Peer 1: 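Sending over a structure as structure tokens; questions will come in a sec.
Model, not experiment: these values are computed from the prediction. Protein chains get the first letters and strands the later ones, always in sequence-line order, with residue 1 at the start of each.
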Amino acid sequence: MSNVFQLVWLIPVLPLLGFLINGLGRKQVSKTAAGIIGSGTVLSSFVISLLVFLQLNSGNIPKEAFHYFDFINIAALKIGFDFQIDQLSSIFLLIITGVGFLIHVYSTAYMHDEEPKDFAKYFAYLNLFVFSMLLLVMGANFVIMFIGWEGVGLCSYLLIGFWFKNTNYNIAAKKAFIMNRIGDLGFLLAVFWLIAKVGSVDFHTVFETVPTLFTSGSITIVDITGITLLLFVGAMGKSAQIPLYTWLPDAMAGPTPVSALIHAATMVTAGIYMIARSNILYTMAPVTQCVVAIVGLSTAILAATIALKQNDIKKVLAYSTVSQLGYMFLALGVGAYTGAVFHVMTHAFFKALLFLGAGSVIHAMSGEQDIRNMGGLKKYMSITHITFLLACLAIAGMPPFSGFFSKDEILAGAFASSPLLWGVGVVGAIMTAFYMFRLYAMTFLGKFRGTSEQEHHLHESPKAITIPLIILAVLSVIGGWIGIPEIFMHGGHRLETFLSPVFAQSNALIAKHHISHTTEYILMGISVGAALIALLYAWNKFSKYQKTDKEETGLGKVLANKWYVDELYDSIIVKPLLSIAKYFSNVFEKKGIDGLVNGVGKAVNYGSRQIRLIQSGQVGTYVLMMVLGILIFFIIQLFL
Amino acid sequence: MNAIIFTAIWGVVMMLGGAFIKSKTTPKYLAIFGLTVILLLNCLEMNSGMPLFAVELKGMLDFKSFNLTFINVAYGCTLLFFLLNGRDIEKVGENVSEYFALIFFILSGVALISTFSSLLILFIGIEIVSIPLYILTGSDKRNLKSNEAALKYFLMGAFSTGIMLLGIAFLYGGSDIGTFNINLMISGNAPMPAMIAAGLVLLLVSMSFKVSAAPFHFWTPDVYDGAPTVFTSFMATIVKAAVFFAFVRLFENAFGSMHKQWQTLIVILIAATLLIGNLTAVFQQSVKRMLAYSSIAQAGFMLFSLFALSSLAKEGLVLYAAAYSLASIGIFAILVRMKDYTIDGFNGLGKQQPVLAVTATVFLLSLTGIPLTAGFQSKFYMLMAAVQNGQHIWLVIFAVLCAAISAYYYFRIIQAMFFKENNSDVELAEDITPAFKTLLVITSILIIALGLYPKLLTDWLYF
Amino acid sequence: MEIKWYIGLAVALFCTGVVGVLTRRNSIIIFMCIELMLNAVNLLLVAFSKMHAASEIGQSMPSVVSDGQIFVFFIMVVAAAEVSVGLAIIVMLYRNTHSVDVNFLNRLKN
Amino acid sequence: MSITEILFWGLSILALFSAIMVVASKNPVHSILFLIVVFFTISGHYILLNAQFLAIVNIIVYAGAIMVLFLFVVMLMNLNAESEPKKHRMLQFAGLISGGCLFLVIISAISETQQASNMVLMGGGESGLIKNLGMVLFKDYVIPFEISSVLFLSAMIGAVVIGKREK
Amino acid sequence: MDPKDYWITFPELLIWFPLLAGLVAFVIRKDKLVKNWAVLASLITLGISVMSLLYADNTKHFYLNNVSYYWLQNLGSNFSVGLDGMGHMLTALTAVAFPVIFIATYKSDYKNANVYYGLMLITQAGLMGVFTAMDLLVFYFFWELAVIPVYFLCSRWGGEKRIQATFKFFVYTFTGSLLMLVGIIYVYMHTAATPFAEHSFSMNAVYSALLSPAEKNWVFWLFFVAFAIKMPVFPFHTWQPDTYEQAPTSTTMVLSGIMVKMGVFAVIRWILPIFPDAVTKFDNIVIGLSVVGMIYASLIAIKQDDLKRFVAYSSIAHIGLMCAAIFTKTEIGLQGVMIQMFSHGINIIGMWIVVDIIEKQTGTRKISELGGIAHKAPALTIFLVVIALANIALPLTNAFVGEFMMFSGLFEFNMVYTVVALISIILAAVYTLNMVQKVFYGEANAITEKIKEISLNQKLILAVLVVFIFLFGVYPQPIIELTKDTVAALVTKIK
């Protein structure tokens, strides 16, 4: 066992340190210091994760989790504060710390207009996020994972609402948090269910014992399905799937790097990580898998359709993220776990790149986000333009860019389980290509449509922005080559071989279905071809786009308004809830319960007022009462 | 025996003193001195078991330490009453020494009815207690309320005497051995013959009248309200407690063996008394009248001793008598000094007279039955006795609910004293001497001491 | 003579007194009715004492018989005392209100 | 029907009649006189029962002292029929009914019991004689006797306190 | 094993010292002086409690933590007090809370401060007594002793509608405790004899009282109503918002921080062991009520505009969960309650401190009138946000551990309740974030313009609380270690 593993705990702790320093000393530290601390910590944990990865790659893998201290330790339940390092988590570690680092660097430039203490605060939050995300992926049991899980939710809340003076941003942040919360409840319930059934939350224990318990019958298929479904609810919230996806587009209120890091590269993929982590459970619950696949696919399509009509550069990217996430869930649903993870990785590269590029554009346009007021930017900001184009190609799934490999793998998996899924998937892919290039064309091609004073200080962004762009561009070009399918190159899929131990159990259960190479070629051809056509169509349609103020009509309007989903939620959930609350607090509480309580008091008062009238002051009455009393007593005593 | 003889004699002394002593204040000191001596003599008799004069009792009286302890309690409270209210008695009218004399006669009556063992003594004792009370009630001659109270009290009192006598007559006729001795009257718990039953009911009624238990309580509010406040204080506390003691002793010794046969009547009495007393008190605006009703409510709790009729209950009764008397004497003593008897009259007392307010709070808390006060212990004993008895738990619950209501009206005064402001800065209370304050403080300390450690009292009851 | 007749008579007189107390307003008359009640009781007691005299207990211990009559004696004593006080009170009230009507006594109520 | 029974019934009816008249008659003076009659009849009963001492005391104390006192007071206030207005009927009626009920209840409770049919020793019996009662009174009942003095004292003081005019 | 005859023991110290300190406070006339005296005294009490925690191990130091004196032998009641795990934990909470409260409200001046602080300290003594009582009668005494001073505190120094509100509170709780008294006596009458008396109030005797199931079923309610009112559990809660709104904030802190725990504590200490069968019989009703209460209170909290009422309702929701968790009778649930009792105390006191600061500075509690405090007073905001997050049980805050365990206990009991109860967690997020947003974010308005950053000692106090929040959020084990014996004993007793 190499001593690198003794440093594992540093990976999350370093960003935490960064958070503490920047957070507590936000008044003292200068901008540069804050930037250096922020990025430096993440960089160093990246280095460590790299070392860890190399260790794993060289085949020495820690047998069990690293135990640090007891979190909860009672007779009924033991939950340690444990980290688990295996292939899966190491991949994610690399993505998080790597992309995270780049985005930190990017941010130093992007946020430089902020006041020093806000600047420091921003980096503090960013580090805190990285810390939580690392907890999420390193946690060796569901509870630690959940800690990270909610932690990232919190950070996204804080960062979306970073400019807290703007109420709409706060509301967006709140929405994000609450929708995540809804998902988290699913997660929690699943955990409780596990505790009740398995009596443990450790990944090792659970994944070892569940199959045996299942065969022994002490866990039924119902339990497993329930648990997995509930976990998936959690994933829905975190990874913005139907019906809990609406928060993600609103989350674009946050600073662009945040959108890149949290809402594209890392946090939103937590759901995929979690399901991939507990793949065995899912493999044992086909119903759930089916649900996952369907939800994923429909999300992919729905989001894609919406993206077709969005004009806010970040909104388009947001919806494309949602739809890409949908693809990943599709992959998980059809049991192509490797594919999902693969796509997470590539997506992290190109989507981060897209966002950062968009950020650079917005930066150049001094805050303008509406692509209808852009255009022809390619002659002002070439690096941004190039990298953006590469990213678009990647996401559109053009070979040999990274997106192609991962998406192709997913589609292949889908086809294997049912051609229908594949078909729909392809449609999604086509739309992806279309809206991405609509975006690209309207932004960079044609002639500039913005105001003149926007125009004359258009400029290429500084190094700190462009370098990350370039690095990411490279990655999103070559990133896919670690997963070259069999048909091109035998043993080319290094990722699969690397990850295979993680999914060993599931793969044992899944019947390995082979698609003949010819079919695979055909599929590939169709999807790529279709996408290409859509791409070219969008290219020349929108490169000569003119600003028109004619209203969208028909389907276009519906799409532009995102299928009115927000309005729907508002009217069937939010409003009724609020009115009930209103009724309770104004009527039921006051009139009902408290009314009852006070009613007793009133009754006593009333009784008092009445009963004292008997005290008439007349001796005659008094004596009469006495005599009556005597009579009653006599009757009771002598005749009853 | 000492108590009876010497209180009677001292009454005569006070009476004659009235003829010779011109000073208004002297009788008070005379009375206080005399009562102290008598108290000591009674203690002496308790310890030695020997009275100064050997009188052949002929089964008329019974001086077991239990009864003597009660006499101590009653006399002790009276002493306190003298100390606190001496000045106010002087204010009532001219015939100060006569008032004291009457009080002493009442005390001898108290001693009689707390030691009687013959119905004859009970009858005479009750009359000795009542007749002077009629007079004291009417002693504020110019005040029509006082007159009215006196007449009402007298007429109804005489009426209830009639009832009582009829009852006694039936008992005499009904008991096979034709006796007035309560210990021999009945034995065994065979279903009682009709005449005994009739006698029992009539006695029950007349005694309930004397202790103002509903539905025979009607005289109480008017009389307590009309009588001069000092004497209200006296008759609402010591006298009432004494009559209660007699009540319990009568029914325990005479009818204890057939307790179950008449328990129902007691249950009705308790329920009615608690309900009416507490409910009616809620709405009163005059503190004096409110206290009158509250005394009815308290009687409801004391009746539990009759309901249970166990040793616990009897201890409880003595404890209750002490606690209730102490607290009421205290609160009345303060009331007497108040200018305005309405609850608003107490507004802002806490600022003007902190000592009065705080002690008054202790008294009221005790009357409410808040722990750490004697009031709680006594109620606690009563409830324990009742629960121990086993039947009619609903009655116990009903009782505590009524106690909750009682909190409602007692706390109105506390609120007035501490939490309400009085706009004018006139004196709320008059001639508050340091001695008076000290006495009040001592009283409240007594109450709390009893509340923390009731054995102070209960241990005396048997040895 | 059976005791029940005496009981009947005494109770009848007693109840007449009660009715008087209930129906009259003149406090003196009410007071007289109360005296009537007391006398009824006296009669009853004497009758009972003689009843016991007839029984074997009475034969064995004559005190049983005399007890009742002594009691009557004491009742008379008490009654006398009561009367003196009662009339005094009534007179006092008459001095102040020039009426002996109990219905005028309602300053104290509720 | 023996002579005693005849006397008993006669006296009883007279007693009841005059008792009712005490309650019924308007004029206070009349009620007093009727009350005196009642007392006399009751003394008669005492004599029938051979309780001579009580018979005498009854006449002296009640018919003599007490009733005269009453008479004085009534005269002093010169109350007459008109001076008492009607109590309203409702209450009178209720009083009548409840009083009657009381009577019925007690009688019906007691009359049927076997105790109620005990015989009363008419005429004979020594214990009612002054000699015997005197002995008992001063031997067995000395305590109550002495104590009743307290009662009288307090009554006396009371009368003084109440009666004395304030200066 | 240590000698039996210590001249004084921890429970005694914890009770008598605050009591004496309170009595002393009455006679100190100078306001400043009495203020400092109160702080000092409470700090000393804290010291004592910390000491007692060092000797918490009852297997070694039994006679240091338990003592019994003759009191009313003839009734079979002795003045016996003792500290078990739960007792230690709650006395510690009480000991921590009071200095925090005193220092946090150090700025605010009261008329006749001596009376004020005297009563406060006496309240502390009463609370200590409740948590240490090992004799049912003694428990009842302290139960009342703790309430009476609070009654006076609230009605004397409270808001304008204080008298009615407080009086309602008093009569409500008083009725409850009287019913409990009947229950106590009834149980007592069925206990075994002692050398001195035919029955006994001592804890063991009471635990083994011979009650028939039927009797247990109704006596249970006599006890439960009293405690339900104190906690309070829906629908007995209506006194709470009014009282919290009207009471002076420091008293409100005592009420909501500690006094509320009296109810929870009492249920665990007395109801569970005495009426296990009845608990099992009625668990569905009680848990149902609690869960409904959680949702109900949370919904109302969404609509509250007054910060104090807001906190009150959110507290009701939290307490509902505790009550439900107790009645699951599961080890994990009860353990969760133990942790949550402490955490809730800390968090809600913190919440009140912030509310108090805001009210003191702006003169209003209306959420609608506030806003934009964040950039006027960042430190305050950060503290509040942390506390708010603890309030919605975010992981790594102390509340999470407790609620996690309670929920998982509840889940073991019944899944449906858990789901419903969890909804209230969402609602908690909704109303808490609403509040944070409306009060602290957005643009500052006329009222909040003049807000200044909080003073150093306020910072320190809040910092202490925040440290607690995170310490027990990350490493709750100490509390678990402290209380797990109690829980184990309970669970075995019930099973």
Side-chain angles (χ1 to χ4, degrees), chain C residues 1-9 11-13 15-20 22-26 28-29 32-33 35-36 39 42-43 46-47 49-51 53-55 58 62-63 65-66 69-70 72-74 76-85 87-92 94 100-101 103, chain D residues 5 8 12 15-16 19-20 22-23 28 31-32 35 38-39 42 45-46 49 51 54 57 61-62 65-66 69-70 73-74 77 79 84 87 92 95-96 98-99 102-103 106-107 110-111 116-122 125 127-128 132-133 136-137 140-141 144 148 151-152 155 158-159 162-163:
Chain C
M1 209 74 214
E2 288 184 355
I3 188 69
K4 72 168 96 159
W5 303 116
Y6 278 101
I7 296 174
L9 174 58
V11 173
L13 289 172
C15 291
T16 325
V18 172
V19 172
L22 287 173
T23 49
R24 298 304 296 263
R25 297 172 48 166
N26 182 328
I28 296 177
I29 305 239
M32 275 157 53
C33 294
E35 292 302 327
L36 181 56
N39 270 275
N42 291 351
L43 176 56
V46 175
S49 82
K50 296 305 285 187
M51 178 190 88
S55 68
S63 70
V65 183
S66 49
Q69 305 197 8
I70 293 287
V72 174
F73 171 72
F74 276 106
M76 290 178 179
V77 167
V78 170
E82 228 174 32
V83 170
S84 60
V85 171
L87 286 178
I89 291 174
I90 293 177
V91 171
M92 172 181 72
Y94 186 78
V100 288
D101 185 344
N103 280 38
Chain D
E5 290 191 14
F8 173 82
S12 307
L16 273 175
I20 291 167
V22 170
V23 176
S31 344
I32 293 176
L35 191 56
V38 176
F39 291 156
I42 288 177
H45 275 297
Y46 291 161
L49 291 165
L54 288 179
V57 174
V61 173
Y62 267 111
I66 295 182
L69 210 52
F70 270 98
V73 173
V74 173
M77 303 177 177
L79 302 166
E84 185 188 3
K87 202 167 194 167
Q92 282 186 320
L96 206 55
S98 45
L102 191 62
F103 175 76
I106 299 179
I107 293 306
I110 289 167
S111 58
S117 53
N118 294 353
M119 291 311 291
V120 180
L121 175 59
M122 311 294 282
S127 55
N132 305 341
L133 284 184
V136 178
L137 185 57
D140 301 354
Y141 284 85
S148 48
L151 189 69
F152 276 107
I162 297 270

Peer 1: Are side-chain heavy atoms of Met77(D) and Val100(C) found at a separation under 4.5 Å?
Peer 2: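 SC-SC contact between Met77(D) and Val100(C) confirmed.
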
Peer 1: Quick check on the interface: out of Ala19(D), Ala15(D), Ala159(D), Ala116(D), who has the most heavy-atom pairs with chain C under 4.5 Å?
Peer 2: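 Heavy-atom pair counts peak at Ala116(D).
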
Peer 1: For Asn118(D), is it the side chain, the backbone, both or neither that has a heavy atom under 4.5 Å from a heavy atom of chain C?
Peer 2: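 Both parts, backbone and side chain.
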
Peer 1: About how many Å separate CZ of Phe73(C) and OG of Ser148(D), when rounded to the nearest 0.5 Å?
Peer 2: 7.0 Å

Peer 1: For chain C, which of Ala65(D), Gly163(D), Gly158(D), Ser98(D) has the most heavy-atom pairs under 4.5 Å?
Peer 2: Gly163(D)

Peer 1: Applying side-chain contact (heavy atoms from CB on, under 4.5 Å), can you list everything that pairs with Val57(D), at least two apart in sequence or on another chain?
Peer 2: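 Residues passing side-chain contact (heavy atoms from CB on, under 4.5 Å) with Val57(D): Met76(C), Phe53(D), Val61(D).
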
Peer 1: Taking the side chain as every heavy atom from C-beta outward, state whether Pro28(D) and Asn26(C) have any pair of such atoms under 4.5 Å apart.
Peer 2: yes

Peer 1: For the interface with chain D, which of Val77(C), Val83(C), Ile90(C), Asn39(C) has the highest count of heavy-atom pairs at distances below 4.5 Å?
Peer 2: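 Top count of heavy-atom pairs under 4.5 Å with chain D: Asn39(C).
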
Peer 1: Find the one option among Leu121(D), Val73(D), Val38(D) whose heavy-atom pairs under 4.5 Å with chain C are most numerous.
Peer 2: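 Winner by heavy-atom pair count: Leu121(D).
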
Peer 1: Is it the side chain or the backbone of Ile20(D) that comes within 4.5 Å of chain C heavy atoms, both, or neither?
Peer 2: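 Both backbone and side chain.
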
Peer 1: Output the option from Val85(C), Val18(C), Ile89(C), Leu87(C) having the highest count of non-hydrogen pairs under 4.5 Å with chain D.
Peer 2: Leu87(C)

Peer 1: Could you tell me the separation between the CG atom of Asn42(C) and the OH atom of Tyr46(D), rounded to the nearest 0.5 Å?
Peer 2: 4.0 Å

Peer 1: With a 4.5 Å cut-off on heavy-atom pairs, point out which of Gly17(C), Ser63(C), Ala12(C) contacts chain D the most.
Peer 2: Ala12(C)

Peer 1: Less than 4.5 Å to any heavy atom of chain D: does that hold for the side chain of Phe74(C), its backbone, both, or neither?
Peer 2: side chain

Peer 1: I need the residue from Leu54(D), Asp140(D), Leu151(D), Ile107(D) with the largest number of non-hydrogen atom pairs under 4.5 Å to chain C.
Peer 2: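 Most pairs with chain C among the choices: Leu54(D).
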
Peer 1: Find the one option among Val19(C), Val65(C), Ile3(C) whose heavy-atom pairs under 4.5 Å with chain D are most numerous.
Peer 2: Ile3(C)

Peer 1: Hey, does Met119(D) have a side-chain heavy atom less than 4.5 Å from the side chain of Glu2(C)?
Peer 2: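 Side-chain contact under 4.5 Å: yes.
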
Peer 1: Run the side chain to side chain contact (heavy atoms under 4.5 Å, CB included) check on Leu9(C) and His45(D) step by step: do they pass?
Peer 2: CA-CA 11 Å; Leu9(C) 174 58; His45(D) 275 297; 3.3 Å; yes

Peer 1: Which answer fits Ser12(D), side chain, backbone, both or neither, if we ask what part of it has an atom under 4.5 Å from a heavy atom of chain C?
Peer 2: both

Peer 1: Can you confirm if the aromatic rings of Tyr6(C) and Phe8(D) lie within a centre distance of less than 6.0 Å?
Peer 2: yes

Peer 1: Taking C-beta and beyond as the side chain, do Cys33(C) and Val23(D) meet within less than 4.5 Å on heavy atoms?
Peer 2: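 Touching, per the 4.5 Å side-chain cut-off.
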
Peer 1: Counting heavy-atom pairs closer than 4.5 Å to chain C, which one of Phe103(D), Phe39(D), Phe152(D) comes out on top?
Peer 2: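 Answer, by heavy-atom pair count under 4.5 Å with chain C: Phe103(D).
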
Peer 1: Taking side chain as everything from C-beta outward and backbone as N, CA, C, O, which of these in Leu43(C) sits under 4.5 Å from a heavy atom of chain D? Side chain, backbone, both or neither.
Peer 2: both

Peer 1: Heavy-atom distance under 4.5 Å to chain C: side chain of Leu35(D), backbone, both or neither?
Peer 2: side chain

Peer 1: Side-chain contact test, heavy atoms from C-beta onward, threshold under 4.5 Å: evaluate it for Ile32(D) versus Met32(C) and give yes or no.
Peer 2: yes

Peer 1: Quick one: list whatever passes side chain to side chain donor-acceptor pair (under 3.5 Å) with Ser49(C), sequence neighbours left out.
Peer 2: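 If we apply the side chain to side chain donor-acceptor pair (under 3.5 Å) test to Ser49(C), skipping adjacent residues, the hits are Gln69(C).
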
Peer 1: Is there a side-chain contact between Lys50(C) and Met122(D), using heavy atoms and a 4.5 Å cut-off?
Peer 2: no

Peer 1: For the pair Val74(D) and Ile28(C), evaluate side chain to side chain contact (heavy atoms under 4.5 Å, CB included) and give the outcome as yes or no after the intermediate values.
Peer 2: CA-CA 8 Å; Val74(D) 173; Ile28(C) 296 177; 4.1 Å; yes

Peer 1: Please identify, among Val78(C), Val91(C), Val72(C), Ile70(C), the residue contributing the most non-hydrogen atom pairs under 4.5 Å to chain D.
Peer 2: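 Of the candidates given, the most pairs with chain D belong to Ile70(C).
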
Peer 1: Hey, could you give me the CG/OG distance between Leu133(D) and Ser66(C), rounded to the nearest 0.5 Å?
Peer 2: 6.5 Å

Peer 1: Taking every non-hydrogen pair under 4.5 Å, which of Ser84(C), Ala79(C), Ser55(C), Ala81(C) racks up the most with chain D?
Peer 2: Ala81(C)

Peer 1: Taking the side chain as everything from C-beta on, heavy atoms only, tell me whether Leu13(C) gets closer than 4.5 Å to Leu16(D).
Peer 2: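 Yes, at least one pair of side-chain atoms sits under 4.5 Å.
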
